[in-house]
Participant: 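Sharing a structure, written as structure tokens. Questions coming.
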Amino acid sequence: MAEKKKFYLTTAIAYTSGKPHIGNTYEAVLADSIVRFKRQQGYDVRFQTGTDEHGQKIEIKSQEAGITPKQFVDGVSGEIKSIWDLMNTSYDKFIRTTDEYHEKQVQKIFKKLYSQGDIYKGFYEGMYCTPCESFFTSSQLVDGKCPDCGRECQPAKEEAYFLKLSKYADRLIEHINTHPGFIQPESRKNEMMNNFLLPGLQDLCVSRTSFKWGIPVDFDEGHVVYVWIDALSNYITGLGYDVDGSNALEGGEDLFAKFWPADLHLIGKDILRFHTIYWPVMLMGLGLPLPKQIFGHPWLLQNDGKMSKSKGNVIYADDLVDVFGVDAIRYFVLHEMPYENDGLVTWELVTERINSDLANTLGNLVNRTISMTNKYLGGIAEDKGIQEDVDNELKVLVTSAYKKVTDKMEALRVADAITEVFAIFKRCNKYIDETEPWILGKDESKKDRLSTVLYNLIESIVTGASLLEPFMPETTGKILTQLNANKKSFGNMGQFGLYVPGTKVTDKPEILFVRHDIKEVLEKAEEIRAAQAAANGGSKEDENVIDIEPKPEITFDDFGKMQFQVGEIIACEEVKKSKKLLCSQVKIGSQVKQIVSGIKQYYKAEEMVGKKVMVLVNLKPAKLAGVLSEGMLLCAEDAEGNLALVTPEKDMPAGAEIC
RNA sequence: GGCGGGAUAGCUCAGUUGGCUAGAGCACACGGUUCAUACCCGUGGUGUCAUGGGUUCAAAUCCCUUUCCCGCUACCA
């Protein structure tokens, strides 16, 4: 017997800073549908997902909660896992980056790359540009100055490790060019090439000393492995990979040898860069083959603008499931998601989709078929061989559906694949109209024809239900149970007439999907919203807290070097060539300075005029997009990057010193 | 600013290498039907295929102009 072909799929691991919303959950469900389909096709599948649990944000959140970081991530990771379970995701492995075997291997990986020179120790000393918050290697400096702003770079206290990307860049470019399917969707490939690979890669900082909650660099105390080497490695450590070749075995099997390279890394489009550049470089450094495909999927968004926990308008999978049921939500997220563009999720859209597709088309079809079988045939439909032309049309569509579904799934067009399955159910409804069983039922002489018709229907529904399994596993089970049918194996999808003659359908058909009244749903949503707001409203934690990377301590002298004054904006215009810049004329005392700021998205030029703002005045002038800027307007920035100008709390004259 | 993608029915989008009266789903309207979860089936669009020009026997499809959107990236003193 030929050995089964293997298929290894991973999702990104979810960050354990909080409960995942419906968008995150989407990825797990999408992965699950792909994996279930592969299993149906007969592949030997491994599906890995999990949680990413290190980092400063978690360190701080756990402090606020008054518990250890480990206790904190144990809680969140458990919650994430329970939602994945609720959604019926059939993962084989749920990895946590705090798992001991993972941490140990990450240290070994780090050490190996270091000993090969792929990771090197860099220093901020003389290379750190404080205003740019960036560090540079000596080769990057221009005349010993910051290549970005041209100013002196400062000696800094931190030292850090860097991953040398340039060494493998050519190989990676070659690989991407010779493996067209490597990056999906294809349009993303250009972005990676044009923005990063072709212009030349900057080395990646892979360690931190500013926080402790991470995997320690075991040969250099105080350093902690920073996110990417830690997180990305999960794809191989989860298979038992060991740097020195002695891979861990599971059930006596070397999973790494069997499953690596991954067939598909399923990730959000926002982290494509890390998976298509840094991860391959790491793998090359380790001498391992690259994954076959990386798919950066779009996101499911909520359309009511900014979402935040304190407003209570975040849509969570478990809330939706409470109202609609697991499979309804699986259906919605899989069906609504196009291939390249972001999709939208709202309570209204979910309700419409479910009513129209699940309750009307599918649920009602199963229900009417069973009730007719009971009413006219005592629950037993058999093929009496009285065929008509319309039957063929139905059969052709039903028996060829699996091929269409397969094509769509191979191309990762999951939404289109579901549509192909539903084409069967729609065709069944039409078939009922064409054959008019209720008329056949009135004529005893047509009984054999009636039986054939209903048999054809049941057979078609069984086929459709079987094909539906990767997407809505519970529903498949429910339908088959009501029909007393066995699931059709994938190899038999092209055959018609496998429903066992003499089988009796249930005499009490259960409603598969209830129709929901939009008003009631919205009321329910409002309750959930209120409960969420109440739970989060009072506290300042969660979304309202922003933690940024701490900078080295400065002396009062350092502070004293900076001169702040109140300025009045007397004129302002857009910088034509730029997407973000406004150019303001700012009156400060008796002089007027021209200042360029990146706030076009948040302020219109007209509304700037007349504002009193805080200005850092003695900043060395620099050119931005070709326009001279002689200072800096102070702004506050929130977690989404929204900016607000800082203005004096009482009216103060232009030129007043800020001290 | 650089690179890339897009602009097709009220809405969401299909339209393969240029070729029959430009399509699907949803929504809406009307008609049919009654087995069924007021469900199902059918019918209905004068759409400047964003704009202006060009290549061609023939262009939504290829080339150039303009406008607007989106993604990544840079700049956000």
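The sequence lines fix the lettering, A, B, ..., with proteins before strands; numbering per chain opens at 1.
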Participant: Strictly under 6.0 Å, is that where the ring centroids of A/Phe196 and A/Tyr278 end up?
Facilitator: no
Participant: Check the distance between B/A24's C1' and A/Glu420's CD and give it to me in whole angstrom.
Facilitator: 12 Å
Participant: Take atom NE2 of A/His335 and atom C1' of B/C13, then tell me their distance rounded to the nearest Å.
Facilitator: 12 Å
Participant: For A/Ala465, does its backbone N or O pair with a side-chain atom of A/Thr476 as donor and acceptor, under 3.5 Å?
Facilitator: yes
Participant: Any side-chain N or O of A/Arg273 less than 4.0 Å from the OP1 or OP2 oxygen of B/U73?
Facilitator: yes
Participant: Taking the same atom, C1', in B/A29 and in B/C72, what whole-Å distance lies between them?
Facilitator: 45 Å
Participant: A/Leu394 CG to B/C41 C1': how many Å, rounded?
Facilitator: 15 Å
Participant: Please check if the distance between the ring centroids of A/Tyr26 and A/His297 is under 6.0 Å.
Facilitator: yes
Participant: Within this structure, what is the CD1-to-P distance between A/Ile518 and B/A27, rounded to whole angstrom?
Facilitator: 12 Å
Participant: Report which part of the nucleic acid A/Lys189 touches: base, sugar-phosphate, or nothing (heavy-atom distance under 4.0 Å, all strands).
Facilitator: nothing
Participant: Hey, can you tell me if A/Phe324 and A/His516 have their rings parallel, tilted or perpendicular (30° and 60° cut-offs)?
Facilitator: perpendicular
Participant: Could you tell me the separation between the OH atom of A/Tyr431 and the CD atom of A/Glu393, rounded to the nearest 0.5 Å?
Facilitator: 11.0 Å
Participant: Rounded to whole angstrom, note down the P distance from B/G18 over to B/C63.
Facilitator: 11 Å
Participant: Under a 3.5 Å cut-off on both pairing distances, which runs of 3 or more consecutive Watson-Crick or G-U pairs involve RNA chain B?
Facilitator: B:1-7 with B:67-73, B:10-13 with B:23-26, B:28-32 with B:40-44, B:52-54 with B:62-64
Participant: With a 4.0 Å cut-off on heavy atoms, is A/Val596 in touch with a base, just the backbone sugar-phosphate, or nothing at all?
Facilitator: sugar-phosphate
Participant: Are A/Phe274 and A/Trp228 near enough that their ring centres are under 6.0 Å apart?
Facilitator: yes
Participant: What's the gap between B/G15 and B/A7 when it is taken at their C1' atoms, as a whole Å value?
Facilitator: 15 Å
Participant: If we take the C1' atom in both B/U65 and B/G53, what is their distance in whole Å?
Facilitator: 7 Å
Participant: Does A/Thr503 reach the main-chain N or O of A/Tyr499 with its side chain, forming a donor-acceptor pair under 3.5 Å?
Facilitator: no
Participant: Is the phosphate of B/G42, meaning OP1 or OP2, less than 4.0 Å from a side-chain N or O of A/Lys430?
Facilitator: yes
Participant: With a cut-off of 6.0 Å (strictly less than), are more than 12 heavy atoms of other residues, nucleotides or ligands near NZ of A/Lys587?
Facilitator: no
Participant: Any chance you could list the contact pattern along nucleotides 33-38 of chain B? Use B for base contacts, S for sugar-phosphate-only contacts and - for none, protein heavy atoms under 4.0 Å, 5' to 3'.
Facilitator: SSBBB-
Participant: What's the spacing between A/Ile518 CD1 and A/Glu523 CD if we round to 0.5 Å?
Facilitator: 11.5 Å
Participant: What is the distance, to the nearest angstrom, from the CD atom on A/Gln202 to the P atom on B/U73?
Facilitator: 13 Å
Participant: In whole Å, measure the gap between the P atoms of B/U8 and B/U48 for me.
Facilitator: 11 Å
Participant: C1' atom, B/A27 versus B/A50: distance in rounded Å?
Facilitator: 24 Å
Participant: Would you give the length of the straight line joining atom CZ of A/Phe295 to atom CG of A/Leu272, rounded to the nearest 0.5 angstrom?
Facilitator: 10.0 Å
Participant: Taking atom C1' in both B/C20 and B/U73, what distance in whole Å separates the two?
Facilitator: 46 Å
Participant: Starting from P on B/G2, measure out to CG on A/Asn195 and report it in whole angstrom.
Facilitator: 13 Å
Participant: Can you tell me, in whole Å, how much space there is between the C1' of B/G10 and that of B/U46?
Facilitator: 16 Å
Participant: Return whichever of A/Phe425 or A/Lys269 has its heavy-atom-nearest nucleotide of RNA chain B closer to the 5' end.
Facilitator: A/Phe425
Participant: Quick one: list whatever passes salt bridge (Lys or Arg N to Asp or Glu O under 4.0 Å) with A/Asp170, sequence neighbours left out.
Facilitator: none
Participant: Once you apply a heavy-atom cut-off of 4.0 Å, does A/Ser597 come out as touching a base, just sugar-phosphate, or nothing?
Facilitator: sugar-phosphate
Participant: Roughly how many Å is it from CD in A/Glu348 to C1' in B/C11, rounded to a whole number?
Facilitator: 15 Å
Participant: Rounded to whole Å, please give me the gap between OH in A/Tyr431 and P in B/C41.
Facilitator: 16 Å
